[in-house]
Visitor: 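Sending over a structure as structure tokens; questions will come in a sec.
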Amino acid sequence: MALRAAVLRHFRVAVQTRGLKSNPWAPSGSIRLMSSHDDHLAKEEVAERVLSVIKSFPKVDPSRVTPEVHFQKDLGLDSLDNVEIVMALEEEFKLEIPDKEADKIDSCNLAIEYIHNHPLAS
């Protein structure tokens, strides 16, 4: 399952529909090619939403938040704050980030990249 998710993260397939007829189940009916990225989030949207979550964190000065900002070095947050930010990102994007991966997310750039590449982010 993890291999499938890793492979799907790197492939995008164009979705097409063919001739809609009255009976979509008929052999000559509508055929929809499937893609795991039908509603994949654009990187710009992910960046905007991640920055919004970080700016709304109580201990953060919103004027200091940029896509390149590091949570601890630039914003002065501690590891517990880092955990709270990752939890807020999970809630915002309706996904679960494993602890092993969450520990690596210590900057806006890493959060944006991780979420943009996550197949279930919405």
Visitor: Quick one: pull up CZ in F93 and CD in E45 and give me the separation to the nearest 0.5 Å.
Guide: 7.5 Å
Visitor: Mind checking the CD-NZ spacing from E113 to K104? Nearest 0.5 Å is all I need.
Guide: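 The CD atom of E113 sits 14.5 Å away from the NZ atom of K104.
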Visitor: Atom NE2 in H116, atom CD in E44: separation rounded to 0.5 Å?
Guide: 8.0 Å
Visitor: Check whether any side-chain heavy atom of K55 lies under 4.5 Å from a side-chain heavy atom of V60, and answer yes or no.
Guide: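 Not in contact.
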Visitor: For the atom pair CD1 (I115) and CZ (R49), what is the distance rounded to the nearest 0.5 Å?
Guide: 8.5 Å
Visitor: What's the spacing between I54 CD1 and E92 CD if we round to 0.5 Å?
Guide: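 It comes to 10.5 Å.
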Visitor: Which atom pair, heavy atoms only, marks the closest approach of A102 to I97?
Guide: N-CG2, 3.6 Å
Visitor: Can you check whether F57 reaches V65 side chain to side chain, under 4.5 Å on heavy atoms?
Guide: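 Answer no - side chains too far apart.
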Visitor: Taking side chain as C-beta onward, heavy atoms only, is L75 less than 4.5 Å from H70?
Guide: no
Visitor: Is there a path of hydrophobic side-chain contacts, each under 4.5 Å between heavy atoms of I, L, V, M, F, W or Y residues, that connects I112 with L95?
Guide: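 In one cluster: yes.
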Visitor: Does V53 share a hydrophobic cluster with L110, counting links as ILVMFWY side-chain heavy atoms below 4.5 Å and allowing steps through other members?
Guide: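 No, no single cluster joins them.
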Visitor: Side chain to side chain donor-acceptor pair (under 3.5 Å) between S107 and N109: does it pass, once the steps are laid out?
Guide: CA-CA 5 Å; S107 69; N109 269 337; 5.6 Å; no
Visitor: Report yes or no: does N82 contribute a side-chain atom to a donor-acceptor pair with the main-chain N or O of I105 at less than 3.5 Å?
Guide: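 A pair under 3.5 Å: yes.
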Visitor: Which distance, rounded to the nearest 0.5 Å, do you find between the CG of L41 and the CG of N117?
Guide: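 Answer for the CG-CG pair, L41 versus N117, is 11.5 Å.
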Visitor: Between D81 and D78, what is the shortest heavy-atom contact and its length?
Guide: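 Closest heavy-atom pair between D81 and D78: N-OD1, 2.8 Å.
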Visitor: Going only through I, L, V, M, F, W and Y residues with side-chain contacts under 4.5 Å, is there a path from L51 to L89?
Guide: yes
Visitor: Can you give me the closest heavy-atom contact between P67 and C108, atom names plus distance?
Guide: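 Closest pair (atom of P67, atom of C108, distance): O-CB, 3.3 Å.
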Visitor: Does atom CG of D99 have more than 12 heavy-atom neighbours from other groups under 6.0 Å away?
Guide: no
Visitor: Just by modelled atom types, is the K100 backbone N or O under 3.5 Å from a matching donor or acceptor in the D103 side chain?
Guide: no
Visitor: Are more than 12 heavy atoms, taken from residues, nucleotides or ligands other than E68, located less than 6.0 Å from that residue's CD atom?
Guide: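 Counting neighbours around CD of E68, more than 12 heavy atoms of other residues, nucleotides or ligands fall under 6.0 Å, so yes.
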Visitor: Check the surroundings of atom CD in E48: do more than 12 heavy atoms from other residues, nucleotides or ligands lie under 6.0 Å from it?
Guide: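 Counting other residues, nucleotides and ligands, CD of E48 stays at 12 neighbours or fewer.
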